[in-house]
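Here's the structure, in structure tokens; my notes come after.
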Amino acid sequence: MAENDRNTEDLLRRLQAEPPKKSNQTRNALLLFGGVVLFILLALVVVKQKEFQFNPTKTSASSNLTQKIVFTGELKMRDLDLTPTQQKRLEQLLDYTGDRFKQIQIWAEKDNKYDELKPGTEVRFQITLVTHDGARIKSVVNRAKHGRVVDAIAQRIEKDVEAYLRTEPGKNPPGSFTNVR
């Protein structure tokens, strides 16, 4: 009996002195895993916030540009690698359209979804002019090479705006200007 008491006391002392290694390893692994998950989540939040605050030149004109011209497709404005000349052309286009349109929506995507976006890649785009009364005027789907997309978009918008201005005031605008040249 005395020997059993001594064995029990030794066992209790060892259990109180050091926790089992297996539970320490499990606890440490769970803490490490939780830390990694937390780090990844925080990194994703920071990346999303920076993407949301993207502003190419941080001028009021480019701010107006990003508010008025909205990219709704796979490709966004940052994917088009705007040169200062192209950005200036889009700003002039906004000045030309004035307050006639609430928004200009541009749907753009790579012609071949598996192709890498680089100079020479074919890009498809469609422009939707949204008027203040909610009317939507859509262009046909157009194609252009990656380096020329902005110029092609500007030309298409200019043609659609000119055709819109030729319509009779007070009448509903047509749904598209497909055959505008």
Side-chain angles (χ1 to χ4, degrees), residues 40 43-181:
I40 290 172
L44 288 174
V45 167
V46 168
V47 167
K48 281 290 185 188
Q49 283 180 347
K50 284 189 178 185
E51 182 177 277
F52 179 74
Q53 295 172 353
F54 172 75
N55 199 349
T57 59
K58 296 183 182 171
T59 63
S60 61
S62 67
S63 174
N64 187 28
L65 186 69
T66 57
Q67 289 174 0
K68 191 96 170 193
I69 297 179
V70 177
F71 283 77
T72 59
E74 169 191 341
L75 299 178
K76 305 297 180 200
M77 189 179 293
R78 67 179 174 278
D79 298 324
L80 298 180
D81 302 327
L82 289 177
T83 64
T85 307
Q86 290 173 329
Q87 184 168 348
K88 186 175 181 176
R89 181 158 186 208
L90 287 177
E91 289 167 1
Q92 289 172 344
L93 187 62
L94 282 181
D95 290 341
Y96 172 68
T97 61
D99 287 334
R100 291 180 185 96
F101 301 103
K102 180 179 175 183
Q103 194 175 62
I104 299 172
Q105 297 174 351
I106 301 171
W107 169 85
E109 72 176 9
K110 295 179 289 190
D111 195 28
N112 180 354
K113 291 186 186 258
Y114 302 106
D115 200 5
E116 181 181 332
L117 187 63
K118 60 184 184 240
T121 302
E122 284 280 326
V123 175
R124 296 184 305 171
F125 65 92
Q126 182 179 32
I127 299 166
T128 304
L129 303 173
V130 181
T131 62
H132 289 285
D133 62 355
R136 295 174 172 273
I137 303 166
K138 288 187 175 188
S139 70
V140 295
V141 175
N142 295 283
R143 284 187 170 76
K145 301 276 185 192
H146 178 259
R148 304 259 320 133
V149 172
V150 175
D151 296 329
I153 287 172
Q155 286 175 350
R156 183 78 245 173
I157 291 173
E158 286 171 356
K159 288 179 181 179
D160 286 351
V161 169
E162 287 172 12
Y164 175 77
L165 294 175
R166 287 193 304 257
T167 61
E168 282 188 46
K171 286 193 171 183
N172 288 337
S176 73
F177 295 116
T178 301
N179 296 319
V180 173
R181 298 203 191 280

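The structure presented is a predicted model; accordingly, all values stated were derived computationally and were not measured. Sequence positions, counted from 1, serve as the residue numbers for this chain.
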(message) Suppose we screen for side chain to side chain donor-acceptor pair (under 3.5 Å). Which residues come up paired with K118, at least two apart in sequence or across chains?
(response) none

(message) Is it the case that the side chain of K76 and the backbone of F71 share a donor-acceptor pair, with hydrogens and angles ignored and the cut-off at 3.5 Å?
(response) yes

(request) Among V70, I153, I157, find the residue that satisfies the side chain to side chain contact (heavy atoms under 4.5 Å, CB included) test when tested with I104. (result) I157

(request) Report yes or no: does K68 contribute a side-chain atom to a donor-acceptor pair with the main-chain N or O of F101 at less than 3.5 Å? (result) yes

(message) When you measure from the side chain of S139 to the backbone of I127, do you find a donor-acceptor pair of N or O atoms at a distance under 3.5 Å?
(response) yes

(request) Would you indicate whether the side-chain heavy atoms of L129 and T131 approach each other to under 4.5 Å? (result) no

(message) For R148, is the CZ atom crowded, meaning more than 12 foreign heavy atoms sit under 6.0 Å from it?
(response) no

(message) With heavy-atom distances below 4.5 Å as the criterion, would you say the side chains of N112 and E122 are in contact?
(response) no

(message) According to ring pair (Phe, Tyr, Trp, His ring centres under 6.0 Å), who are the partners of F125, at least two apart in sequence or on a separate chain?
(response) none

(request) Could you check if a side-chain atom of E158 sits within less than 4.5 angstrom of a side-chain atom of R89, using non-hydrogen atoms only? (result) yes

(request) Supply the atom-to-atom distance D79 CG to E74 CD, rounded to the nearest 0.5 angstrom. (result) 8.0 Å

(request) Determine the minimum heavy-atom distance between A154 and L93, stating which atoms define it. (result) CA-CD2, 3.9 Å

(message) Testing the basics here: between K110 and K113, what is the closest heavy-atom pair and its distance to 0.1 Å?
(response) NZ-O, 3.5 Å

(message) Within this structure, what is the CD-NZ distance for the pair Q92 and K88, rounded to the nearest 0.5 Å?
(response) 5.5 Å

(request) Can you measure from CD (Q103) to CD1 (I69) and round to the nearest 0.5 angstrom? (result) 10.0 Å

(request) Drop me the distance from L90's CG to D95's CG, to the nearest 0.5 angstrom. (result) 11.0 Å

(request) Identify, with sequence neighbours excluded, every residue that meets side chain to side chain donor-acceptor pair (under 3.5 Å) alongside N142. (result) none

(request) Check W107 against V141 and note the closest heavy-atom contact, atom names and distance. (result) CZ3-CG1, 4.2 Å

